[in-house]
Amino acid sequence: MSNLMLLPVEPGFYLKGTMKNNHSFISAVVPPKERSGPAWWFAFLGNQLLLYQDPDSFRVPYLREFSELGVPHNGAHYLGELDGHSCYAVDLKENAGVPQGMTLEGLRKVYGHLDEELFWLAARAVQVVDWDRTHRFCGRCGVPLKNRETERARECPQCGLLHFPRLAPAVIVLVERGDRLLMARSRHFAPGVYSVLAGFVEPGETLEEAVEREVMEEVGIRIQEIRYFGSQPWPFPHSLMVGFTARYAGGEIRVNDQELEDAGWFTADHLPGQPGKISIARRLIDSFVEKQGRPPLCCPAQARRG
Ligand SMILES: [Zn+2]
């Protein structure tokens, strides 16, 4: 028997070896006894983040105490330290008003307008707040749960069942065939936008099996050489996207019209509309384009800021 403990991945945590591991953020659950300076407060009403609105940007509240804002809330969850400054997720009460000079915004809208590290901390915070709201009672015996003090978990005082923040792993894969890549369009995408294929992992599957199954189910293509690319937390509402590349092995495209509207093979210089820079899908596509010897495609968010 080994003494190794299984540790759940925290929402918003970057797996080692991926493209976003340059954070100076240290995740923690137990808050410091005394806070020396201001802290970052990621406060949500539903899925909307409370921000200061400046003429052309948004700012996350950075205050000694959240109570300085005078906004009613249900409590705060300590997330850890960013450059030595404490970070908290705050659940605002339903009737919370918005103070003057502030606004409530969805995360997708503020991407590209907030510091990247603060954006991904907000993405972590919304998942912790959502878990707090939806895990009050034991799913087995219905009694109120108790917080575990040293880990992000709740325990049933009656049956001992542990409840961790919920994460749904999903795979996303870029399939190459020579100088072309496979892209598909789902009905709920914005007009003209295509992306690489993605889907949720089923119980009992390895990530690689999920990749193979999704590609077969959605377009009827066999693939080979499935390789890990990187991962990304996806807070809409609580997925962990695990990215892969693969090569075409056989078959012709048969679009599953339950899931997709269209699919096809595209070369780097004739790509359709693509998902935004926030997504790992776009990073996969950009990396394919770069490999074909072309400069990365322009980033709308950066263009706006420039
Ligand atoms: Zn129980």
Side-chain angles (χ1 to χ4, degrees), residues 1-16 25-33 39-50 66-67 71-81 86-96 106-107 120-171 198-207 209-210 213 231-242:
M1 289 290 281
S2 119
N3 289 325
L4 275 179
M5 276 178 55
L6 272 178
L7 295 175
V9 179
E10 288 240 332
F13 184 82
Y14 294 97
L15 295 174
K16 199 177 170 197
F25 177 73
I26 300 165
S27 175
V29 175
V30 183
K33 288 210 171 62
W40 296 102
W41 303 92
F42 300 91
F44 287 89
L45 182 69
N47 294 322
Q48 305 254 295
L49 177 62
L50 182 68
F66 186 74
S67 56
V71 184
H73 64 284
N74 294 315
H77 302 264
Y78 178 64
L79 300 174
E81 299 282 308
S86 298
C87 302
Y88 291 86
V90 179
D91 182 23
L92 298 178
K93 287 201 165 156
E94 290 285 316
N95 62 351
L107 284 183
W120 288 109
L121 277 168
R124 173 188 291 248
V126 71
Q127 294 180 73
V128 171
V129 165
D130 183 64
W131 168 71
D132 174 57
R133 290 176 191 144
T134 55
H135 292 74
R136 297 282 167 95
F137 299 93
C138 180
R140 186 188 279 154
C141 46
V143 304
L145 297 174
K146 289 209 159 118
N147 275 323
R148 300 266 284 193
E149 275 177 17
T150 55
E151 58 181 339
R152 187 105 44 220
R154 290 209 167 122
E155 189 171 7
C156 175
Q158 192 156 295
C159 74
L161 189 63
L162 288 175
H163 301 254
F164 295 99
R166 200 168 139 203
L167 274 181
V171 291
F200 287 105
V201 180
E202 292 184 352
E205 263 181 340
T206 64
L207 298 172
E209 285 166 349
R213 176 184 53 74
S231 67
Q232 183 187 53
W234 192 243
F236 309 109
H238 43 63
S239 300
L240 173 67
M241 303 297 294
V242 189

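In each ligand, atom 1 is the first atom listed, and ligand 1 is the first ligand listed.
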- prompt: Just how far is it from atom CZ of Arg154 to atom CG of Leu162, taken to the nearest 0.5 Å?
  reply: 12.5 Å
message: Angle between ring planes, Phe236 versus Trp234, binned at 30° and 60°: parallel, tilted or perpendicular?
response: perpendicular
query: Would you say the side chains of Arg124 and Ser27 form a donor-acceptor pair under 3.5 Å?
result: yes
message: Could you report the tightest heavy-atom contact between Ala123 and Val126, atom names first, then the distance?
response: O-CG1, 3.3 Å
query: What class does the angle between the rings of Tyr88 and Trp41 fall in, given that below 30° is parallel, 30 to 60° is tilted and above 60° is perpendicular?
result: parallel
task: Please report how many protein N/O/S atoms lie under 2.8 Å from the Zn ion (ligand 1).
output: 4
task: Only counting residues at least two apart or in another chain, list the ones meeting side chain to side chain donor-acceptor pair (under 3.5 Å) with Ser86.
output: Glu81
